[in-house]
Colleague: 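I have a structure I would like to understand better, so I am pasting it below and will then ask my questions one at a time.
Naming: A, B, ... by sequence-line order, numbering from 1 per chain. The figures here come from the full heavy-atom set of this structure, side chains too, leaving out hydrogens, waters and symmetry mates. Since the model is a prediction, treat every value here as computed from it, not as a measurement.
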Amino acid sequence: MPELAEVEVVRRNLVRWWLDSSATDVRILDERVLSDTTPSAIEAALRQDVKELSRRGKYLFAHLADDTVIVFHFRMTGKLVLAGVPEPKYARLSWLVDKSGWIVFKDQRCLGEVRLLGKEEFKEYEPLQKMGPEPEDITVEDLNSTCSKRRMLKSALLDQSVVAGVGNIAISELFWRVKLAPKVRCGELSDEDWESLVQEMPLYFDEVIEKSMGDEIFYQNEAGMENIFRVYGHAGESCPRCGGEIEKMKVAGRVSYYCGSCQG
DNA sequence: GCCTATGTTGCCGG
DNA sequence: TCCGGCAACATAGG
Ligand SMILES: [Zn+2]
């Protein structure tokens, strides 16, 4: 569940479930999700009031009353959901907020992480220092200075120091919107391509956020979820723009979906 | 058993 | 040095 859009949806849900509140009960179910911290430190942190919930790229931050910060990263399968019980399937860490219910960090593959940072540590947190601009802030000039001509565009955009929050699904969807071939190199884009890319990135993420929010109160995104994407996961089907066949190909280590007729 | 998976990091060879 | 490819992490589902 973890690209910029999904993390932002979680953040907005947490504003409703958790902001200005604290945990009255904490269950640490699998210590492997804790990075550089201890169960007792996390429990003490969760029992404080949350003053702000922020996001940067694919990272989510809960800012606490004493200015320490809980950092969440969901990797491939992590997510935060609201549940009526503390131990639904794949639950690794759960805390009870009286006004909402159990907030549960679920993570099937257990690659995600929860970390605690002091005020100063947060300011110097290396992944934040290195992270590129958010899609809504990035400019063509930014990309021209960070993307070398020889590099494949997919590889550059997946690099979180170039732009924050882009993942493998967004790649297929953005390349389709801008009509770029999956293996295009940065030096092969026209000025118009770069302008279009910079324009489409925030539009794409806003659209996914909107579609993922719905008006459900609870964040449930499991089986039965329809495919909201235009080309990702649609191999063998028709391109919504030109009717050509959607194909897939491994690029930069991951599968890209694309229309063989109208891209590139 | 096979293959796949919305992420990241580190190693290898060109 | 930069780049692409790939294994690794850990786990389950098809
Ligand atoms: Zn097409």
Side-chain angles (χ1 to χ4, degrees), chain A residues 1-11 29-36 55-60 71-81 88-93 105-115 125-132 135 145-176 181-188 201 204-205 207-209 211-213 219-236 248-258:
Chain A
M1 87 127 11
E3 290 189 10
L4 185 156
E6 290 75 21
V7 179
E8 177 60 21
V9 169
V10 172
R11 191 194 68 80
L29 305 162
D30 191 331
E31 291 188 26
R32 290 177 302 172
V33 300
L34 305 183
S35 292
D36 302 327
R55 178 197 58 74
R56 187 82 168 82
K58 301 169 189 173
Y59 284 84
L60 182 65
V71 179
F72 297 92
H73 197 293
F74 303 106
R75 287 298 215 285
M76 295 287 268
T77 53
K79 53 184 73 175
L80 285 170
V81 301
K89 204 169 185 189
Y90 310 127
R92 309 294 179 187
L93 169 65
F105 187 103
K106 294 169 85 171
D107 191 359
Q108 181 193 100
R109 291 167 65 180
C110 215
L111 295 170
E113 62 174 311
V114 180
R115 175 184 302 270
Y125 188 45
E126 195 173 320
L128 275 183
Q129 300 279 325
K130 287 185 178 173
M131 199 170 302
S145 69
T146 51
C147 299
S148 84
K149 305 297 178 201
R150 290 178 302 283
R151 193 174 187 186
M152 288 200 292
L153 180 66
K154 174 170 181 176
S155 162
L157 297 182
L158 285 175
D159 181 343
Q160 301 296 295
S161 71
V162 171
V163 55
V166 174
N168 195 48
I169 293 179
I171 290 292
S172 290
E173 298 296 298
L174 290 169
F175 278 45
W176 180 82
K183 287 187 168 175
V184 70
R185 306 250 165 194
C186 295
E188 297 169 336
M201 274 196 284
Y204 163 74
F205 283 116
E207 190 180 307
V208 176
I209 290 166
K211 284 182 179 173
S212 303
M213 290 291 298
Y219 180 56
Q220 293 282 47
N221 206 0
E222 305 290 294
M225 185 72 178
E226 57 174 331
N227 184 339
I228 61 172
F229 304 109
R230 301 277 174 68
V231 290
Y232 187 89
H234 288 291
K248 61 178 181 175
M249 171 197 293
K250 198 166 182 177
V251 184
R254 327 281 301 279
V255 173
S256 283
Y257 293 83
Y258 61 100

Colleague: Look at the aromatic rings of A:Tyr59 and A:His73 and report parallel, tilted or perpendicular, splitting at 30° and 60°.
Modeller: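 Perpendicular.
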Colleague: Does anything in residues 145-159 of chain A reach DNA chain C, meaning a heavy atom under 4.0 Å, and if so which residues?
Modeller: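 Output list: A:Ser148, A:Arg151, A:Met152, A:Ser155.
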Colleague: Are the side chain of A:Asn227 and the backbone N or O of A:Tyr232 linked by a donor-acceptor pair below 3.5 Å?
Modeller: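 Confirmed, A:Asn227 side chain pairs with A:Tyr232 backbone.
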Colleague: Hey, where does DNA chain B pair up into stems, meaning at least three consecutive Watson-Crick or G-U pairs with distances under 3.5 Å?
Modeller: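 Output for stems: B:2-5 with C:11-14, B:7-14 with C:2-9.
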Colleague: Look at A:Lys58 and B:dG7 and indicate whether a side-chain polar atom (N or O) is within less than 4.0 Å of OP1 or OP2.
Modeller: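 Yes, because at least one side-chain N or O of A:Lys58 sits under 4.0 Å from OP1 or OP2 of B:dG7.
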Colleague: Reckon A:Arg254 has a side-chain N or O less than 4.0 Å from the OP1 or OP2 of B:dG7?
Modeller: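 Yes, such a contact exists.
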Colleague: To the nearest angstrom, how far is A:Tyr257 atom OH from B:dT6 atom P?
Modeller: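 In whole Å, B:dT6 P lies 8 Å from A:Tyr257 OH.
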Colleague: Using the P atoms only, state how far C:dC3 lies from B:dT6, rounded to an integer number of Å.
Modeller: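 Straight-line distance between the two P atoms is 23 Å.
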Colleague: If I take atom CG in residue A:Leu4 and atom C1' in nucleotide B:dG7, what distance separates them, rounded to the nearest angstrom?
Modeller: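 It is 14 Å, rounded to the nearest whole Å.
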Colleague: Out of curiosity, A:Ser256 OG to A:Lys248 NZ, how far, rounded to the nearest 0.5 Å?
Modeller: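 Result: 11.5 Å between the selected atoms.
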Colleague: What's A:Gly167 touching, base or sugar-phosphate or nothing? Going by heavy atoms closer than 4.0 Å.
Modeller: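 It contacts sugar-phosphate atoms only.
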Colleague: Could you run through nucleotides 9-14 of chain B and give me one letter per nucleotide, 5' to 3': B if any protein heavy atom sits under 4.0 Å from the base, S if only the sugar-phosphate is that close, - if neither?
Modeller: ------
Colleague: Atom NZ of A:Lys183 and atom P of C:dG5: how far apart are they, to the nearest Å?
Modeller: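 Spelled out: NZ on A:Lys183 to P on C:dG5 is 6 Å.
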Colleague: With sequence neighbours excluded, what pairs up with A:Glu8 under the side-chain hydrogen bond (donor to acceptor under 3.5 Å, both in side chains) test?
Modeller: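 Once residues adjacent in sequence are excluded, the partners of A:Glu8 under the side-chain hydrogen bond (donor to acceptor under 3.5 Å, both in side chains) criterion are A:Arg11, A:Arg12, A:Arg55.
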Colleague: Is there any side chain to side chain donor-acceptor pair (under 3.5 Å) pair reaching into residues 163-173 of chain A, and which pairs are they, with sequence neighbours excluded?
Modeller: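 Every pair satisfying side chain to side chain donor-acceptor pair (under 3.5 Å) with a residue in residues 163-173 of chain A: A:Lys154-A:Asn168.
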Colleague: What residues, two or more places apart in sequence or in another chain, satisfy ring pair (Phe, Tyr, Trp, His ring centres under 6.0 Å) together with A:Tyr258?
Modeller: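 For A:Tyr258, no residue satisfies ring pair (Phe, Tyr, Trp, His ring centres under 6.0 Å) once neighbours in sequence are set aside.
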Colleague: Quick one: list whatever passes ring pair (Phe, Tyr, Trp, His ring centres under 6.0 Å) with A:Phe229, sequence neighbours left out.
Modeller: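 Result, ring pair (Phe, Tyr, Trp, His ring centres under 6.0 Å) vs A:Phe229: none returned.
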Colleague: How far does CG of A:Leu158 sit from CZ of A:Arg254, to the nearest 0.5 angstrom?
Modeller: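 The CG atom of A:Leu158 sits 7.0 Å away from the CZ atom of A:Arg254.
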Colleague: Using the test side-chain hydrogen bond (donor to acceptor under 3.5 Å, both in side chains), find all partners of A:Arg92 that sit at least two apart in sequence or belong to another chain.
Modeller: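 So A:Arg92 forms a side-chain hydrogen bond (donor to acceptor under 3.5 Å, both in side chains) with A:Asp30.
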Colleague: A:Tyr204: what forms a ring pair (Phe, Tyr, Trp, His ring centres under 6.0 Å) with it, not counting sequence neighbours?
Modeller: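 By the ring pair (Phe, Tyr, Trp, His ring centres under 6.0 Å) rule, A:Tyr204 matches no residue at all.
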Colleague: Not counting sequence neighbours, which residues clear side-chain hydrogen bond (donor to acceptor under 3.5 Å, both in side chains) with A:Ser161? List them please.
Modeller: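 A:Asp159.
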Colleague: Determine whether more than 12 heavy atoms belonging to other residues, nucleotides or ligands lie under 6.0 Å from atom CD of A:Glu126.
Modeller: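 For A:Glu126, atom CD is not crowded (no more than 12 foreign heavy atoms under 6.0 Å).
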Colleague: Which listed nucleotide (B:dT8, B:dT6, C:dG4) is nearest to the side chain of A:Met76?
Modeller: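 Closest of the options to the side chain of A:Met76: B:dT6.
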Colleague: Can you tell me, in whole Å, how much space there is between the P of C:dA10 and that of B:dG10?
Modeller: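 16 Å, rounded to whole Å.
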Colleague: Do A:Ser35 and A:Glu113 pair up side chain to side chain, a donor and an acceptor below 3.5 Å, judged on atom types alone?
Modeller: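 The answer is yes; a qualifying pair exists.
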Colleague: Give a yes/no on whether any side-chain N or O of A:His73 is located under 4.0 angstrom from OP1 or OP2 of B:dG7.
Modeller: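 No, outside the criterion.
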Colleague: Just to be sure I understand the rule, does A:Ala252 reach a base, reach only the sugar-phosphate, or reach nothing, if contact means heavy atoms closer than 4.0 Å?
Modeller: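 Sugar-phosphate only.
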Colleague: Using a 4.0 Å cut-off on protein heavy atoms (strictly under), produce a 5'-to-3' string for nucleotides 8-14 of chain C with B for base contact, S for backbone-only sugar-phosphate contact, and - for none.
Modeller: -BBBSS-
Colleague: In whole Å, I'd like the distance from the CD atom of A:Glu173 to the C1' atom of B:dT6.
Modeller: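 In whole Å, B:dT6 C1' lies 11 Å from A:Glu173 CD.
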Colleague: Rounded to the nearest Å, what distance is computed from the CG atom of residue A:Asn227 to the P atom of nucleotide B:dT6?
Modeller: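 One finds 13 Å between P of B:dT6 and CG of A:Asn227, rounded.
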Colleague: Would you please name every residue forming a side-chain hydrogen bond (donor to acceptor under 3.5 Å, both in side chains) with A:Arg56, sequence neighbours left out?
Modeller: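 A:Glu134.
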Colleague: Whole Å only: how far is the NZ atom of A:Lys250 from the C1' atom of C:dG4?
Modeller: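 Answer to the nearest Å: 12 Å.
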